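Throughout, a chain's letter reflects where its sequence line sits, starting with A, and its residues are numbered from 1. Small disclaimer: the values here were computed from a predicted structure and weren't measured.
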There are 6 protein chains.
Amino acid sequence: MDLLGEEAREAVRRALREDLSQGDVTSSGFIPEGSVCRAEISAKEEGVVCGLPVAQAVFGEVSCGDLRLELSCEEGDAIEAGTTVLSLSGPAAEVLAGERTALNFLQHLSGVASLTRAFVEAIDGTGVRLLDTRKTLPGLRSLEKYAVRCGGGSNHRFSLGDHVLLKDNHLALLKTAFPGSWAKEVGLRAERVRRLRPLARIEVEAQSLGEVAELRTLPLDLLLLDNMSLEELRRAVALIGGRMRLEASGGVTLERIRAIAETGVDFISVGALTHSAKAMDFSLRITA
Amino acid sequence: MDLLGEEAREAVRRALREDLSQGDVTSSGFIPEGSVCRAEISAKEEGVVCGLPVAQAVFGEVSCGDLRLELSCEEGDAIEAGTTVLSLSGPAAEVLAGERTALNFLQHLSGVASLTRAFVEAIDGTGVRLLDTRKTLPGLRSLEKYAVRCGGGSNHRFSLGDHVLLKDNHLALLKTAFPGSWAKEVGLRAERVRRLRPLARIEVEAQSLGEVAELRTLPLDLLLLDNMSLEELRRAVALIGGRMRLEASGGVTLERIRAIAETGVDFISVGALTHSAKAMDFSLRITA
Amino acid sequence: MDLLGEEAREAVRRALREDLSQGDVTSSGFIPEGSVCRAEISAKEEGVVCGLPVAQAVFGEVSCGDLRLELSCEEGDAIEAGTTVLSLSGPAAEVLAGERTALNFLQHLSGVASLTRAFVEAIDGTGVRLLDTRKTLPGLRSLEKYAVRCGGGSNHRFSLGDHVLLKDNHLALLKTAFPGSWAKEVGLRAERVRRLRPLARIEVEAQSLGEVAELRTLPLDLLLLDNMSLEELRRAVALIGGRMRLEASGGVTLERIRAIAETGVDFISVGALTHSAKAMDFSLRITA
Amino acid sequence: MDLLGEEAREAVRRALREDLSQGDVTSSGFIPEGSVCRAEISAKEEGVVCGLPVAQAVFGEVSCGDLRLELSCEEGDAIEAGTTVLSLSGPAAEVLAGERTALNFLQHLSGVASLTRAFVEAIDGTGVRLLDTRKTLPGLRSLEKYAVRCGGGSNHRFSLGDHVLLKDNHLALLKTAFPGSWAKEVGLRAERVRRLRPLARIEVEAQSLGEVAELRTLPLDLLLLDNMSLEELRRAVALIGGRMRLEASGGVTLERIRAIAETGVDFISVGALTHSAKAMDFSLRITA
Amino acid sequence: MDLLGEEAREAVRRALREDLSQGDVTSSGFIPEGSVCRAEISAKEEGVVCGLPVAQAVFGEVSCGDLRLELSCEEGDAIEAGTTVLSLSGPAAEVLAGERTALNFLQHLSGVASLTRAFVEAIDGTGVRLLDTRKTLPGLRSLEKYAVRCGGGSNHRFSLGDHVLLKDNHLALLKTAFPGSWAKEVGLRAERVRRLRPLARIEVEAQSLGEVAELRTLPLDLLLLDNMSLEELRRAVALIGGRMRLEASGGVTLERIRAIAETGVDFISVGALTHSAKAMDFSLRITA
Amino acid sequence: MDLLGEEAREAVRRALREDLSQGDVTSSGFIPEGSVCRAEISAKEEGVVCGLPVAQAVFGEVSCGDLRLELSCEEGDAIEAGTTVLSLSGPAAEVLAGERTALNFLQHLSGVASLTRAFVEAIDGTGVRLLDTRKTLPGLRSLEKYAVRCGGGSNHRFSLGDHVLLKDNHLALLKTAFPGSWAKEVGLRAERVRRLRPLARIEVEAQSLGEVAELRTLPLDLLLLDNMSLEELRRAVALIGGRMRLEASGGVTLERIRAIAETGVDFISVGALTHSAKAMDFSLRITA
């Protein structure tokens, strides 16, 4: 789907360094020199496969050139338990050197993609888009956000540097500094930031309908409705009347997400996609 | 508990680079210059806290020196929802620059420690030790293994270079190369490896009682019993009779782990501790 | 103005490594041991100062702790020739170790900021915003884009990963693949990208008024008008009628920019801001 | 001309990381999967081409192996506007991923080489050599000094560690410490440094003819004549009488350099070669 | 023998960066463009060859793909003076760019392997194993420990993180904190560490027979007998009676090691293997 | 003596990473929490101390700020066995975390400095300078060359990029390409290189008096006389007659060096200084 970025390549090298800094004491001591083999990586449960180019990059790094790889499905495919996703043939020591690292990427990224798919299907047909957050595992942000896209979700910002999101803590500071005029200050500063970074989106978090009312006339791209009830969400949608796009967040579960989507918001963001996805089980088996 | 290793420091710098490569467009555009504040990081659910020194290191990296941190609990403490774990006071822009990165470490490591603690408590009193695996999230292995220790679990090997573990794939290669004498070959090679790496432990995976019988007279430290029924585990324990330590793995759940522990094995390993731990929820709130 | 991001810190370490990998053979051989001094960094020509926090970071890296720094102006200030911007006092060997590296950052970033300011002043009052490009010096993108903001300019995208910009080469490929329906394909794909990356802006380059006409009904954020005459620009503004924002680029000089701005476009982008800025001259002088 | 050093390879990886950390959202969203193309990089103005091996390295890094490159001119060639320098054929996504980064290197290094060539031609036939300085852009020193050589110029020292250059600030410290005997101290220390680093050149800056007179009997390799008038330069040449080589610096322009060269100095150094070179314009065009 | 780990690959890149950061001024200035050659690396003295895969990796890094390498002996072979170990054919500039770096690895690692072999042969037939230490050259630990294995020696721990070794300084701290019960404290803490890190070995250093007596009933894997006389070693062996394995260290020379081995200890450790090995002389000669 | 360069700082971080990637399992398990101590690093044999600033940097990296260090001798001092060189006081866990790494630098660099001093003293009074080579341990070149200076020796070139040295292999290639005119070609190319890199020294290796005769009129800085007898060296000195400086190398021992020096050469280079220096023994002892 995407060309693998530089950040992904570094994650691959880093992971191999964790596992192989001092070589592979098992293979070097027990595998007959010159062994070659065929092997397959297969899913042990159903889900959405993600991370195949990363697994390929892992084996590319450990191989001296004689390892052949063949994909048998595509990124983002929904697969059954038992499906083979990647076949290998070549030096056994290289297959075994890359095995765990490749599986660790595959099981996590497919876990993220599969959880994303489940949430996306729960709001199917509503037109609402599922968003990820910056609540990612340290060092894996780009890859996790890629997995979210593979699962059919959408990416919120990638870092503190690409878009503006004023949250409760920022507003608390502004309310202290400008007690009676914080909302006006937000507007003034939003205009200044827009001049400097015209492509950046500007979003503000509202914690109550009162805040929604104060913010609705400002030049914002998005309003984040944090932890609101369904009724509050509906009233916020009405108050804003299309002036800016609305994102609901907080306490979003697979059970509750459809009801939230039906309140009329544009986006629903779920931190669990990246910070709490269960691994999807894969294994590598030598077949000959 | 442990002094923070170099690998952890690099994980911190890497995570900050993900979030702050291009600065913080929200703080630089909206926070009044020179703002100072007090803030608290608190748990939003109960669990075992882990990662406080990492969170301190995050703020240490983003701060120019005027940020004060105070811990109010210790690594490995079981805490209630609402407990404050770390208080901060200093430049608001620094608090906000480190917030998400610190929380991302804290929520993941505490998630791992909490899940570990739950498994440890389920086998309390049996004398069996809970082990982690190499099924860790890429780039986070040292930290996740530290979290397992904080949760009361034990660490299996850290990399392919520190101990030997012959798994089904290695045995398949040896069986192909030495059809009638694979177990004898394992023994010969184990002796050679022991000469070169006398501190390294040597463990072999058995997939059936037949393999247990073949392996029981070899000079091994551990035998891994993969995916066996409780009855098979009991019979393996009897077959081995204390000659080597036994590790059970495969399909271990919170419901089933106590019954496994009662079969008489020494260790039970659980990949989910590190690859499928749900984040423990923490938040940072500016209080003044 | 902005908090210094991680990318800037790495640029500082890298630059010091270029100059100091093998120590400073002049200071170690000729400066009396223990020498301390006062010194000043001053501008030798007028311009907009930019890079002071970077210069501070340079001296922070080379110092063992006894070097004191004091700023005497602020980032983005327009200063006269002769103005002192930073005073130092401490070990002479540290002042001299950081001198050239600090000046190299300062002279380049101030050069970018000064050139930006000149273009910004040329379109003062028109409401048009000046944009930078990705035509930056390798390894210095974040810092150069920061210097553009210091000079009063605005930032276009930071990388191939944050926003979409379809240029002539992309369109050539689409026209080859979908001869009769390329514009429709652009629209279909723009919708798909928007679902995956809803915060990303989507911009397309038009090389002629014909292309402007084809593109005007698509769901785009910006249209890039490349190398058009003033008359073409005016007609493009009329054709689009506010449906999307317009960026003019190509052949923009200080002489010509005001006329371009007066055609009614929203943005004018100038690669020269970052790839061809003349250094602003600064020097460091030991005063006591 | 030169084999590409390790520092250049790192500059390439760094530049790609700036542009591609999060992949290429335009290509991945808009380019038909599997597209292949032919493309050409051509100069849009006349000048001295420099950086072709760097551009090759950029495409080598982004390519998975199916991208073919063909050079059609050599490093250091003086070319006309319109000249194609590099042809590519292969996956369109790879061509587009490397395009901007390759051009950014090419336009800057060719800019440096072209400016150098202009200065070199201005002193053609005088036997005087044009030198660069350490006033380079942070992170690009080796490459810029390579470009200077491509343009026909000569390299002064690469870092604070390879040769000695005592400048006004060093002399100020020595004059303070040894008021009556600073020149003698320079001589004593020069001898000591020569013993430790016998290959290193030793150069001292003189700011006046008086200083020239004081320094002329010391065991130096070079004397730097800073900001002197033509008359002063001529008198310095006479005073030194071939005892050491002479370098003129300060305020050197294309207009003035020939007159300086004709004073009889050996070298003229120009910081602008590396800190103020205008980019030479190149573009990449997909041709099929 | 071993697959080359990631740490070794980084050592190779780092060494090349030391030598080639600014290219190769000799080859680029003096070698006729396009020169190809054949060359051989040969030993100039007898010894145990080690580091051939590292030398291959060096040439792999400097080559653009046209350099052919052929090994003519195997890692760990005892070779005569004059033996050719590696033949090369391809671009002369690549051969010369890698020459010194490849030889630097080869001469050091072969030096370590050869010294190890000498010590191993001195204790041949005693059943005692020769151990290395953490007294390694900074940045070369993994490679030096690999060379020890090539020479027939055994590896002690790789870092402070993989096994426990309580030395005199640790015991001094425990004796201060628990004056009358330090040995009991060691035992209690050993049990706790074993629960957390069940694969880690636990070793304690004894400086006298009195300490041996105090430690002999604790649950330790190894006892380090530091700087004891042969008589003390014999008595320590008797006191321990097989309860744990014994390592002798301190003042071990080629003359004295056999007598130490005959006292009945299990291991003898020698820091000199890695910190004081003389280089084994190799040279590269262009043959055609 | 020298300010510690960036390369040294990286060597320190790298060495700590080798030892502390996974923390210190001994200290964290056995040292009472909060222990503080005093400790001393002392020499266990006589020699020239070198590496104290590196040892300080090691403890600076592992310390959180409460470790105090005090030097009691200076770099390059000749010290007796038993001399304390560095005293520490602070957290015991930090002292122990840095101990081995600091000692590893100190023992190696002091070993190099001590061996250098021995050679320097052997030629005392002859006026000949002792040179090191590029036969350094991978990753330690800058530090080893610094140790050579501390021992009173002189540095030859640092890399393939700073000076020219044409050795037998380069000459073989030139002789093949220009059979009758190789020496003339050397001269032509030397002039071209001098134009591009006027500060670089140019040295050529002569393997026989015949080659000395062919090379003596070329514009070279140095001539390397490789593996010549004392008689040949004397005749080479006479042949050259001061036209260029002469370096003798090959088979230089402590016994033979004075005789070589007395032949009248200017420099003698010894690879063993860096590739075969025995460690000088130091230890760290906790004193309270």
Side-chain angles (χ1 to χ4, degrees), chain C residues 11 14-15 18-27 29-32 35 37 39 92 96-97 99-101 103-105 107-108 111 134-141 159-166 169-170 172-174 177 186 189 192-193 196-197 200 271-272 275-276 278-279 284-286, chain D residues 11 14-15 18-27 29-32 35 37 39 92 96-97 99-101 103-105 107-108 111 134-141 159-166 169-170 172-174 177 186 189 192-193 196-197 200 271-272 275-276 278-279 284-286:
Chain C
R14 188 158 61 234
E18 281 185 331
D19 213 25
L20 282 168
S21 267
Q22 300 166 359
D24 176 347
V25 66
T26 307
S27 288
F30 289 85
I31 297 308
S35 291
C37 69
L96 293 165
E99 172 184 5
R100 186 72 262 146
T101 303
L103 292 176
N104 283 351
F105 277 108
Q107 72 191 10
H108 179 58
R134 276 166 51 249
K135 297 181 179 179
T136 54
L137 290 165
L140 297 170
R141 184 168 291 171
S159 78
L160 285 172
D162 53 2
H163 298 288
V164 169
L165 176 45
L166 280 163
N169 282 327
H170 302 92
L173 290 165
L174 285 165
V186 169
R189 284 154 199 263
R192 198 182 62 188
V193 167
L196 296 174
R197 307 277 292 255
H275 69 54
S276 294
K278 213 176 74 44
L284 179 149
R285 207 165 52 88
I286 289 184
Chain D
R14 187 159 62 234
E18 279 186 333
D19 214 25
L20 282 168
S21 268
Q22 302 166 357
D24 177 347
V25 65
T26 307
S27 288
F30 289 85
I31 298 307
S35 291
C37 69
L96 293 166
E99 172 184 6
R100 187 72 261 146
T101 302
L103 293 176
N104 283 350
F105 278 108
Q107 72 192 9
H108 179 59
R134 278 166 49 250
K135 297 182 179 178
T136 54
L137 291 164
L140 296 170
R141 184 169 290 172
S159 76
L160 285 173
D162 52 5
H163 297 289
V164 169
L165 177 42
L166 280 163
N169 282 327
H170 302 91
L173 291 165
L174 285 166
V186 169
R189 283 154 201 262
R192 198 180 64 186
V193 167
L196 297 174
R197 307 278 291 256
H275 69 54
S276 294
K278 215 177 69 50
L284 179 151
R285 207 166 52 88
I286 290 183

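- Between the side chain of C:E18 and the backbone N or O of D:P138 there is no donor-acceptor pair closer than 3.5 Å.
- Between the side chain of C:T26 and the main chain of D:L165, a donor-acceptor pair closer than 3.5 Å is present.
- For C:T136, the side-chain contact (heavy atoms from CB on, under 4.5 Å) partners are C:R141, C:E144, C:T274, D:N104, not counting sequence neighbours.
- With chain D as partner, the option from C:H170, C:R134, C:K278 having the largest number of non-hydrogen pairs under 4.5 angstrom is C:R134.
- Counting heavy-atom pairs under 4.5 Å between each of D:I286, D:V164, D:D19 and chain C puts D:D19 at the top.
- Per-residue counts of heavy-atom pairs under 4.5 Å with chain D were compared for C:S21, C:P32, C:A272; the largest is that of C:P32.
- Taking both residues in full, the closest heavy atoms of D:A97 and C:L160 are given as O-CD1, 4.0 Å, listed atom of the first, atom of the second, then distance.
- With chain C as the partner, the residue from D:A15, D:G139, D:G271 showing the most heavy-atom pairs under 4.5 Å is D:G139.
- Note: D:K135 leads D:K135, D:R285, D:R192 in heavy-atom pairs under 4.5 Å with chain C.
- Ranked by heavy-atom pairs under 4.5 Å with chain C, the first of D:V186, D:L284, D:L166, D:T101 is D:L166.
- Contacts between D:L174 and chain C at a heavy-atom distance below 4.5 Å involve the side chain alone, from C-beta outward.
- Ranked by non-hydrogen atom pairs under 4.5 Å with chain D, the options C:Q107, C:E99, C:H163 are led by C:Q107.
- Not a single donor-acceptor pair under 3.5 Å links the side chain of D:Q22 to the backbone N or O of C:D162.
- In this structure, D:V193 and C:G29 approach most closely via the heavy-atom pair CG2-CA, 3.7 Å.
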